[in-house]
Engineer: 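The structure follows.
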Amino acid sequence: MSVNKQETESYQAPMLSEALRDSFMQAYAKSTNGELEDELGDNVMILCENLVKIFKTKETEVLALQGLELKVEKGEFVAIIGSSGSGKSTFLNMIGGLDRPSAGKLYVDGKDLFKLTEKQLVTYKQQTVGFVWQNNARNLFPYLTALQNVQLPMMFMDGKNMEQRAMDLLNLVGMGHKRDSKLSQLSGGEQQRIAIAIALANKPKLLLADEPTGSVDQKTSDAILDVFRYLNKELGITIVIVTHDINLATKVSRVVMIRDGKTSSERILRSEKKREELKGFTEEEDTHDEYVILDRAGRVQIPREMLDEIGVKSNRVQLKVENGTIVVSPTETDRQKS
């Protein structure tokens, strides 16, 4: 019988086995230097510059990414947030090697994704990235048990000690007791945790998740995010989560907002010292500082709600510098309309 209820789950961090920890550390230590790593620096996991993606049909062209720029360092835990159609899932597919960019620059783990051959791209997807999909049926084969699902990707690599490693990964995400369960016997949160174990099967350096908490309740969502935070902290895996849930802003150290195919702003977690200094100054404690992104051409995106607040009604604004501050104000025509 299928289990579709909205369950509430919690995550208890396990004792991480030395064998599992060592296997990830060895994978990270392997020489995977791309020809551009010296130029990028050895601490950069993702770097994209002026990234463009155009989807073409016979009738029309859709510009999904319009010059997106972003850098993610190794070991970061980043959430990409944007409304439907903002380009966030397109961006995830680009760095996951599932789709080719149209223009710009895109480097992941020292590799230029524009230059990879199809064979090299397959190796990249096997060894560099792990993917967790929103649709759990896309993560798991329904006729296999949880243990068999986690073992399956290992068969395309060295295939050594598959059962023990798969059990270690299931225990890592708190699902060891579900080793013999199939898709129909698992709740949504359980399926998603097992999907994370599957994504870790081949020791990826970069873990990507597309709306991983989109179909579960808040408590289960928190438990899934606890799993990601634990993996990031204990194994040093770089994690990028794409979501439309603004509440994730308090859960991760860095939040990148995408609007209309471009990076518009970022929220960075304040240091513990700064949070303590600011405590009590606002009714609700804000844990992050927000920054607008300045691209290479000096352009910024100003949120529509801010423009509305100052009375901007047209596509023109006035700019001037006052006491070292750039001031944006509506035109005289807009003022007269207000």
Side-chain angles (χ1 to χ4, degrees), residues 40-41 44 46-54 61-73 76 78-88 90-91 101-106 242-250 252-271 273-338:
L40 301 177
V44 175
I46 300 169
L47 180 65
C48 57
E49 296 178 354
N50 200 25
L51 193 65
V52 174
K53 177 61 181 178
I54 302 172
E61 291 185 354
V62 177
L63 194 57
L65 297 180
Q66 305 183 42
L68 187 144
E69 300 196 2
L70 180 67
K71 181 168 75 171
V72 177
E73 295 188 350
E76 272 200 278
V78 179
I80 308 291
I81 293 182
S83 59
S84 179
S86 63
K88 60 187 188 300
T90 299
F91 171 66
S102 301
K105 297 180 180 179
L106 178 58
V242 158
T243 183
H244 66 274
D245 185 3
I246 195 66
N247 291 325
L248 280 178
T250 61
V252 301
S253 57
R254 182 179 173 206
V255 180
V256 177
M257 310 290 289
I258 292 181
R259 184 184 293 112
D260 298 327
K262 295 181 181 179
T263 310
S264 62
S265 62
E266 290 191 9
R267 290 173 59 86
I268 309 295
L269 183 67
R270 291 171 179 160
S271 67
K273 179 180 178 181
K274 187 172 183 180
R275 292 201 301 273
E276 189 64 30
E277 290 174 349
L278 294 174
K279 188 177 292 185
F281 283 88
T282 58
E283 292 183 6
E284 294 184 7
E285 183 182 359
D286 191 353
T287 57
H288 291 64
D289 289 316
E290 185 162 359
Y291 302 90
V292 175
I293 300 302
L294 185 70
D295 71 13
R296 290 174 177 267
R299 295 169 296 196
V300 298
Q301 288 193 35
I302 303 175
R304 184 67 248 178
E305 56 269 22
M306 289 187 176
L307 295 175
D308 290 340
E309 188 172 336
I310 65 173
V312 174
K313 301 184 184 301
S314 63
N315 63 347
R316 295 184 178 89
V317 295
Q318 292 182 322
L319 291 179
K320 58 183 176 180
V321 178
E322 292 183 357
N323 299 321
T325 300
I326 298 175
V327 178
V328 181
S329 57
T331 62
E332 187 63 34
T333 303
D334 284 348
R335 290 193 188 95
Q336 292 173 359
K337 291 179 181 179
S338 298

Engineer: Quick check against the 3.5 Å criterion: does D334 have a side-chain atom that pairs as donor or acceptor with the backbone of K313?
Structural biologist: yes

Engineer: Roughly how far, to the nearest 0.5 Å, is NZ of K71 from CG of L47?
Structural biologist: 7.0 Å

Engineer: Give me each pair satisfying salt bridge (charged side-chain N to carboxylate O under 4.0 Å, His left out) with a member in residues 314-332, each pair once, sequence neighbours excluded.
Structural biologist: K320-E322, E332-R335

Engineer: Could you grab the distance from atom SG of C48 to atom NZ of K105, nearest 0.5 Å is fine?
Structural biologist: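 So the gap between those two atoms works out to 12.0 Å.
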
Engineer: With T333, which residues qualify under side-chain contact (heavy atoms from CB on, under 4.5 Å), at least two apart?
Structural biologist: T331, K337

Engineer: Show me the pairs that pass salt bridge (charged side-chain N to carboxylate O under 4.0 Å, His left out) and involve residues 256-266, at least two apart or across chains.
Structural biologist: R254-E266

Engineer: Count the heavy atoms of every other residue, nucleotide or ligand shown that sit under 6.0 Å from CD of E309, and state whether that count exceeds 12.
Structural biologist: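 Not buried by this count: 12 neighbours or fewer within 6.0 Å.
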
Engineer: Kindly write out the residues that satisfy side-chain contact (heavy atoms from CB on, under 4.5 Å) with T90, not counting sequence neighbours, or none if the list is empty.
Structural biologist: K53, F55, A64, L65, M94

Engineer: Rounded at 0.5 Å granularity, tell me how far CE in M257 sits from OG in S264.
Structural biologist: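 The OG atom of S264 is 6.0 Å from CE of M257, to the nearest 0.5 Å.
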
Engineer: Considering residues at least two apart in sequence or located in another chain, which fulfil the side-chain hydrogen bond (donor to acceptor under 3.5 Å, both in side chains) criterion with D308?
Structural biologist: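 Counting only residues at least two positions away or on another chain, D308 forms a side-chain hydrogen bond (donor to acceptor under 3.5 Å, both in side chains) with R304.
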
Engineer: Within the structure provided, determine whether V327 and V321 are in side-chain contact (heavy-atom separation under 4.5 Å).
Structural biologist: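 V327 vs V321: side chains apart.
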
Engineer: With I310, which residues qualify under side-chain contact (heavy atoms from CB on, under 4.5 Å), at least two apart?
Structural biologist: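 I310 satisfies side-chain contact (heavy atoms from CB on, under 4.5 Å) with V312, V328, P330 only.
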
Engineer: Is it true that atom CG of L319 has more than 12 heavy atoms of other residues, nucleotides or ligands lying nearer than 6.0 Å?
Structural biologist: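 Buried by this count: over 12 neighbours within 6.0 Å.
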
Engineer: Check whether T263 reaches the backbone of L68 with its side chain - one donor and one acceptor, N or O, closer than 3.5 Å.
Structural biologist: no

Engineer: Closest heavy-atom contact between S86 and I258?
Structural biologist: O-CG2, 3.3 Å

Engineer: Closest approach of E76 and E73, non-hydrogen atoms and distance?
Structural biologist: OE1-N, 2.8 Å

Engineer: Can you name the closest pair of heavy atoms from V252 and V255 and give their distance?
Structural biologist: CG2-CG2, 3.6 Å

Engineer: Looking only at atom types and distance, does a side-chain atom of T243 sit under 3.5 Å from a main-chain N or O of I81, one as donor and one as acceptor?
Structural biologist: no

